[in-house]
2 protein chains.
Amino acid sequence: MTIVSYMANQLDSFFGAMSDPTRRAVIERLAAGPASVSELHKPHKMALPTFMRHLKVLEDTGIVRSIKKGRVRTCHIEAAPLIEAQGWLAWQREIWESRLDRLEALAHRISEQGDNHDT
Amino acid sequence: MTIVSYMANQLDSFFGAMSDPTRRAVIERLAAGPASVSELHKPHKMALPTFMRHLKVLEDTGIVRSIKKGRVRTCHIEAAPLIEAQGWLAWQREIWESRLDRLEALAHRISEQGDNHDT
DNA sequence: AATATGGTTAGCTGAATTGCTAACTAATGT
DNA sequence: ACATTAGTTAGCAATTCAGCTAACCATATT
């Protein structure tokens with residue numbers, strides 16, 4: 001079992017959640033402190049139900065938590081999923097960087113063997 | 001113009017690319033060194049054209065580069081996009097962590113005001 | 001009690017994503 | 001020259017995603 005399959009569920013949904021600019025904007029806003037749904041919605045041009053679905057994605061992933069008091073739902077950030085994902089990236093990057101010189105050397109050797117590179 | 005919109009294109013495609021387990025597995029494999037398309041494909045059960053499309057996503061995002069020599073296309077990793085994304089995550093995390101105590105205190109205060117939390 | 005506000009549910013679109021097969025080109029091996 | 005291997009192109013089907021409107025419940029506010 002690779003580490004990938006172990007973390008797959010978590011990372012799939014985390015990266016999926018982060019791949020949308022609206023959702024990243026919400027996260028950036030929440031970094032400044034908790035906010036209600038309509039407060040979060042205000043700067044975005046989309047309809048409220050559409051926006052709510054983005055919020056739901058963030059909650060399902062565990063990145064955002066919310067509490068409803070009266071008719072107001074207040075959202076805040078949960079750091080754990082981010083820390084995990086950042087850990088994965090950092091780990092990958094470490095491996096890559098430790099091999100980059102070798103990789104580049106090899107890539108150069110390959111590209112010099114033939115002039116057939118597309119890209 | 002927010003920092004989000006500035007980095008939007010890069011980060012959208014990067015996180016989108018990372019949200020698929022097949023593509024993350026390819027990245028992990030490539031961390032161990034360059035490999036041909038069929039070498040990369042071997043451990044995956046999907047049809048080759050399907051797999052090729054995943055590879056194309058990674059190339060379009062700039063995470064993977066490839067060189068064709070003869071009939072063999074050799075792929076390797078490009079570190080830059082990863083470093084950028086990791087930077088964004090690290091930056092976010094820094095902000096969050098510096099506020100986490102305040103956030104949690106506030107969340108507690110809110111949740112104690114009313115018993116209406118639906119997660 | 002009536003109205004306004006904050007959020008939610010249901011259901012519809014169009015576009016993008018992920019999988020497939022079939023058929024094909026180009027390079028290599030025999 | 002012929003067969004095999006490596007990769008590619010084209011096109012189809014099922015699913016998911018991101019947006020919308022309309023209608024609705026529950027809690028303030030007046």
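Quick note on labels: first sequence line is chain A, next is B, and so on, each numbered from 1.
- Side-chain contact check for B/H54 versus B/L58: every heavy-atom pair is 4.5 Å or farther apart.
- Comparing C/dT8, C/dT18, C/dG11 against the side chain of B/R23 picks out C/dT18 as the nearest.
- Under 3.5 Å, the side chain of A/R73 and the base of C/dG6 form no donor-acceptor pair of N or O atoms.
- When all heavy atoms of A/F51 and A/V37 are compared, the pair lying nearest together is CE2-O, 4.0 Å.
- Of the candidates C/dG7, D/dT8, D/dA22, the closest approach to any side-chain atom of B/L48 belongs to D/dT8.
- Between D/dG19, C/dA10, D/dG7, one nucleotide has an atom nearer to the side chain of B/V37 than all others, and that is D/dG7.
- Taking the side chain of B/H54 as heavy atoms from C-beta on, and the options C/dA27, D/dG7, C/dT18, the nearest nucleotide is C/dT18.
- As rounded to whole Å, 17 Å separates atom C1' of D/dC20 from atom NZ of A/K45.
- Closest contact between the side chain of B/R53 and the listed nucleotides C/dA22, D/dC20, C/dG19 involves C/dG19.
- Going from atom NZ of B/K56 over to atom P of D/dT8 covers 11 Å, rounded to whole Å.
- Of the candidate nucleotides C/dA4, C/dG29, C/dT21, C/dG29 has the atom nearest to the side chain of B/R71.
- B/T22 comes within 4.0 angstrom of nothing in the nucleic acid, heavy atoms only.
- Between A/I77 and A/A31, the shortest heavy-atom distance links the atoms CD1-N, 3.7 Å.
- The separation between A/M52 atom CE and D/dC24 atom C1' is 14 Å, rounded to whole Å.
- Closest to the side chain of A/S38, out of D/dC20, D/dA6, C/dG7, is C/dG7.
- In this structure, A/S19 and A/P49 both approach DNA chain D, and ranking their closest nucleotides by distance from the 5' end singles out A/S19.
- Taking each heavy atom of B/A35 and B/R29 in turn, the nearest pair found is CB-NH2, 3.4 Å.
- Rounded to an integer number of Å, the gap from B/M46 CE to C/dT17 P is 16 Å.
- Closest approach of B/E59 and B/S66 over heavy atoms only: OE2-OG, 2.7 Å.
- Per the geometry, CZ belonging to A/F51 stands 12 Å off P belonging to C/dT8, to the nearest Å.
- Closest approach to the B/D20 side chain among D/dT5, D/dG7, C/dT18 is made by C/dT18 (side chain taken as heavy atoms from C-beta onward).
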